[in-house]
Amino acid sequence: MTFTAPVLNYAQLAPMLIVLGGALIGVLIEAFGPRASRHASQLFITVASLVAAFAALVRVRNQSSVDAAMGSVGFDGAGVLLQGTILIIALLSVFLIADQENFTALAAAVPGSSEERESLQLDLRVTEVYPLTLFAVAGMLLFPVSTDLITLFVALEMLSLPLYLMAGLSRRRRLMSQESALKYFLLGAFSSAFLLFGVAYLYGYSNSVTFAGIQASITGGSGNDVFLLLGIAFISVGLLFKVGAVPFHAWSPDVYQGAPTAITGFMAAATKVAAFGAILRIFYVAFANAEWQWKPALVLIAIVTMVFGSVVAITQRDVKRMLAYSSIAHAGFLLAGVIALSKSGLDASIFYLFAYGIATVGAFGVVTLVRDSAGEVTDLNRWSGLGKRSPLVASVFAFFLLAFAGIPLTSGFIGKFSIFSAAYETGSTAILIAGVLSSAIAAFFYIRVIVLMFFKDPVEDGTSVVIPSALTTTTIAVTSLITLILGIFPAPLINFIESSAFFIR
Amino acid sequence: MTTSTSLVYLIALPLLGATILLLAGRRSDKWGHLLATALSASSFGVGLYQLSQMLNRPTEERGVSQKLFSWISVGSFNVDAGLLLDQLSICFVLLITGVGTLIHIYSISYMSHDENRRRFFAYLNLFIAAMLLLVLGDSYLNLYVGWEGVGLASYLLIGFWNQKPAYATASKKAFVMNRVGDMGLSFAIMIAFATLGTVSFSGVEEASHTASKAALTAIGIMLLVAATGKSAQFPLQAWLGDAMAGPTPVSALIHAATMVTAGVYLIVRSNFIFDAAPTAQLLVVIVGAITLMFGALVGTAKDDIKKALAASTMSQIGYMVLGAGLGPAGYAFAIMHLLTHGFFKAGMFLGAGSVMHGMNDQVDMRRYGALRKFMPITFITFGLGYLAIIGVPPFAGFYSKDAIIETAFNAGGVKGILLGGTALLGAAITAFYMTRVMVLTFTSKERWEDNQHPHESPILMWLPMAILAIGSVTTGFLFTRGHALVNWLSPVVGEHAESEEMLLQPMVVSGLALLAVAIGVAIAVMKYQRADVETVAPQNVSIFTRIARKDLMQDSFNEAVFMRPGQALTSLLVKGDENVVDGAVRGIGRTALGAGASLRKTQTGFARSYAALILIGAIALIAGIWVVTQ
């Protein structure tokens, strides 16, 4: 038996390695760093490794290879775009996370215990959230570039495990936060099991775990079709769970509500990019030739997801739950890009992911600002009249909502427009009709919040908008600016995506 | 088509004003209103210059366009942000900037006591810019941006006095009802894009020759929905009356002359679609006919002078929509009525504002009376507008409304008789309720509350009224002389086609219309001039009056038809999400475990029901794929 040393393309893996390295340094700081300077040094390490990873990514942006890591990681234009998007979103989210007001003082303390009181009095900070974020980001970077099923599974777990913990870090309503974390964990584990099951079936079908091998088997058509069917179905369950598509969505409203808002923003934006990146790659590369098997089912899921998310969002009374249902609806719109299975579908999906991710971080950033003495106020009734009290903050939030609704002059409009036209070009008329109808319904509940903020009288119950910290201000300003610019001059980004987005097979 | 680089100034000037005033804040309180007025006036100047340029070019080269930048380019699909000024849009440009400037001037005085006057002028300028973008956009998408823009500006203006709760509610109602219309426009754009592959006016016009009738009908109907929302047409008319809560100059600018007529512009601009989709066109006429009667009937019962004028606006726009629905024979007349209406209705709204100014903001006409003596200029200018709207020759409304009634009669067959009859009856009711307004306000006995000292308004207010009054006297004659407007518009809306056989000769129609007007006026004079008018609306009135006072039950209608079913549907879905899934799981569990399981409170959030849902979903997914594959 001979042992071949693995050949790794370190330049192409550098973004992930840098982020992982940063995370490990973070762990060391947690263990050995002096408590007083921990927060500052953690923040510095996190920001520095994200920026360095981005720089490393820019350096290798024009390379592509199937073999970045022994056939397990592919490196191509679409991968670069998705990784870049994840890094930008992560950086903006870290700015929100840095505002520690929302996090528990000591994550390990039991809610209501004397330990917790003590930690609050000592004004402790949870600094472990930074290495956790970096671990999650590393998993997210790997997820859309995995080209075999084992790496895909590892990446999924790598991004999920830190997120489960982070969901439980809320400073207020800790029981709810911990409940959501546990729920997320249990259901996440359940769906991971489905994914793993699917991996086994696909191996049984094709005798291979690489996307290229599965693709070859499907083209050859020699395998057992029942295994292929079960494999596609189970893998889909695992991936659709992560993006919150109906009927695998049930966790998302609870978790979005329970998690600290900054984490919710990060999770909603970055996880969606990573998971849709993986979905796009696996369906465009591995399953493309089995289109006739999965397409009808996925079309149905997409339609149900759009309609369900939009309709149920109407009745939500909590801003975070409403955004959760809105993100379910957006997952449906994004599935339209997957179903298109064309170059324009891929371009549109990547643009949509970028635009949606940026706006989502911004919107949750605004949510962190509306507070009373007991922390964030997420009850929508108490947001009424916000436009009179803080016109600027309310206008920015309204702008993000309009972007979600897809009103012209926002990035959301261009995103919806291009994704629906891609779906239409490939003949998915049903998707187009359902998409347009549910955008109409969705527009209604976004508008409802705007009406509430601007046309209702303010409530006098201590709800107020805090002066945001410099970092939070940066995030909100940058995200709203990008959302506006992409609405007016989307052409440069669209052209860039068009020229570089492709999957290596 | 000729290109120009100066079209953008039309929009940029007022937009600049809005930006400066909003950014400079309180610092610009002293001069903000003057700057806004000057910029609006210079935009009007640019419009006049464009008109003179246009007149110098031969007919087929009159349209000019300007590409601003490439907006969306996705694959083979391109949309440029571009402007288009042709014979149709120049009419609107001059109306918007001309009447707009007059209203700016009027507002300088009308709003002089308001500490937020600068903000008001910033919104006015913003509105002008958005409205110009609406009429200058060269594609449905660009039009849509302006369409949303005027919406935004109008909510800001209606809700300007938003410290008063009723006003904020009105603004909200306008906002919500307009969303329904806007949704129609976005559907129209999406359908156009999906079926024709383009959204520019020229592209859609070209594609409409070969497109399927079904697609064009769908686009047409969606455009009509959009028009009903913006132009307060049946069944989306309910917001206009409530929107009167805003300052009166706003009502004059937005709810009389410009924004509410955007629906008519949209229909006329899309003439190529409606000409190829007769079903959609028929719906347009029906909507127009219903609204013109609806508005007229509501107008008879309103005691609030602004609401009476709002009902009348609704009704007059009904005439325009009716005209626009009659095809090439009616487009030009619809635009003509739109322009004359812009003059006389804006003038009357400003007149109403002047009356309110002199009467401590009283709006109840039952508390007016005999103001002729105290406000002679207001009386004369309002009176000229009144003669124009009821259609007395030679005032403007006579020419434009008569043309629509005549075209309606000649639409052919039973349809022609029905439409013509409705339009004629509407004219009689218009004469009745407008005479009622005139009599109650100016000529009947005084019924003022105590401490009223009516007085004429200052020159900055009556000068715009006077200029608009001149317009309401002369424009009808000018537009019809030698078919000036009809010929001017024909390159855009198609050659004006006289119907082959006329049901009624023009002279007969004019005679009938004048007779109808005379009857309406006579009844109103008898009822209100001769008899004493009560200061409080009598309650023991017929059921019809009561229904009319309640805006023909429009709110109850909306509630019953839209609100309740909508609420029921959503609560059903939520219940489904909360109970059915969990309930089903509990049901299965109970069956399995026998009677041992106790009933639990209905509560969501169980991780196990979520997991069960995932399982059910996975099984359904496999079953789905299985069925497809077999």
Side-chain angles (χ1 to χ4, degrees), chain A residues 179 182-183 186-187 190-191 194 225 229-230 232-234 236-237 241 246-248 250-251 254 292-294 296-297 300-301 308 311-312 314-315 344 347-348 388 407-409 414 417-418 420-422 424-425 429 432 436 439-440 443-444 447 451 454-457 488-491 494-495 498, chain B residues 69-77 79 81 141-142 144-145 148-149 155 159 162-163 165 168-169 171-172 175-176 179 182-183 186-187 190-191 193-194 566 569-571 573-574 576-577 581 604-611 613-618 620-629:
Chain A
E179 183 191 322
L182 187 64
K183 231 181 240 173
L186 287 175
L187 296 171
F190 191 50
S191 71
F194 272 104
D225 274 348
L229 181 159
L230 288 171
I232 293 180
F234 282 148
S236 308
V237 172
F241 171 84
V246 177
F248 315 109
W251 59 276
D254 289 6
W292 50 279
Q293 286 195 325
W294 53 262
L300 189 67
I301 288 183
F308 180 88
V311 171
V312 177
I314 294 178
T315 53
S344 60
D347 297 344
K388 284 167 194 162
I407 300 292
L409 294 186
I414 310 286
F417 206 96
S418 39
F420 287 151
S421 49
Y424 176 74
E425 270 170 26
T429 326
L432 182 77
V436 170
S439 329
F444 220 83
I447 301 299
V451 165
F454 287 96
F455 299 133
K456 286 238 171 105
D457 287 326
I488 302 174
F489 297 108
I494 290 180
N495 291 338
E498 247 173 19
Chain B
F69 56 86
S70 173
W71 187 19
I72 306 174
S73 69
V74 185
S76 56
F77 177 69
V79 182
L141 217 47
N142 292 335
Y144 187 54
V145 176
E148 293 286 356
Y155 314 130
N162 60 9
Q163 58 274 32
T169 313
S171 162
K172 179 178 142 192
F175 186 81
V176 172
R179 289 308 313 168
D182 295 356
M183 222 48 86
S186 63
F187 283 1
M190 299 236 184
I191 300 171
F193 169 66
L569 178 72
T570 49
S571 68
L573 277 165
V574 170
D577 190 34
V581 174
T604 55
F606 292 129
R608 60 167 183 277
S609 23
Y610 295 169
L613 183 59
I614 294 177
L615 187 63
I616 295 169
L621 184 62
I622 295 167
I625 297 183
W626 184 272
V627 168
V628 174
T629 341

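Here is the naming used below: chain letters follow the sequence lines, and residue numbers restart at 1 for every chain.
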Below 4.5 Å from any heavy atom of chain B, which atoms of A:Ile301 appear? Answer side chain, backbone, both or neither.
-> side chain

For A:Gln293, the side chain to side chain donor-acceptor pair (under 3.5 Å) test, sequence neighbours excluded, returns none

Below 4.5 Å from any heavy atom of chain B, which atoms of A:Leu409 appear? Answer side chain, backbone, both or neither.
-> both

What option among A:Phe420, A:Phe241, A:Trp294, A:Trp292 has the most heavy-atom pairs under 4.5 Å with chain B?
-> A:Trp292

Rounded to the nearest 0.5 Å, what separation is found between the CZ atom of A:Phe190 and the CG atom of B:Leu615?
-> 5.0 Å

Value rounded to 0.5 Å, distance of CH2 in B:Trp626 from CG in A:Asp225 = 9.5 Å

Minimum heavy-atom distance A:Phe194-B:Ala618, with the two atoms named | CE2-CB, 3.6 Å

Could you look at A:Ile407 and say if it's the side chain, the backbone, both or neither that has a heavy atom under 4.5 Å from chain B?
-> side chain

Residues A:Pro247 and B:Gly617: closest non-hydrogen pair is CG-CA, 3.5 Å

How would you list, by chain and number, every residue that makes a side chain to side chain contact (heavy atoms under 4.5 Å, CB included) with A:Ser236, sequence neighbours excluded?
-> A:Ile232, A:Leu240, A:Phe283, B:Leu621

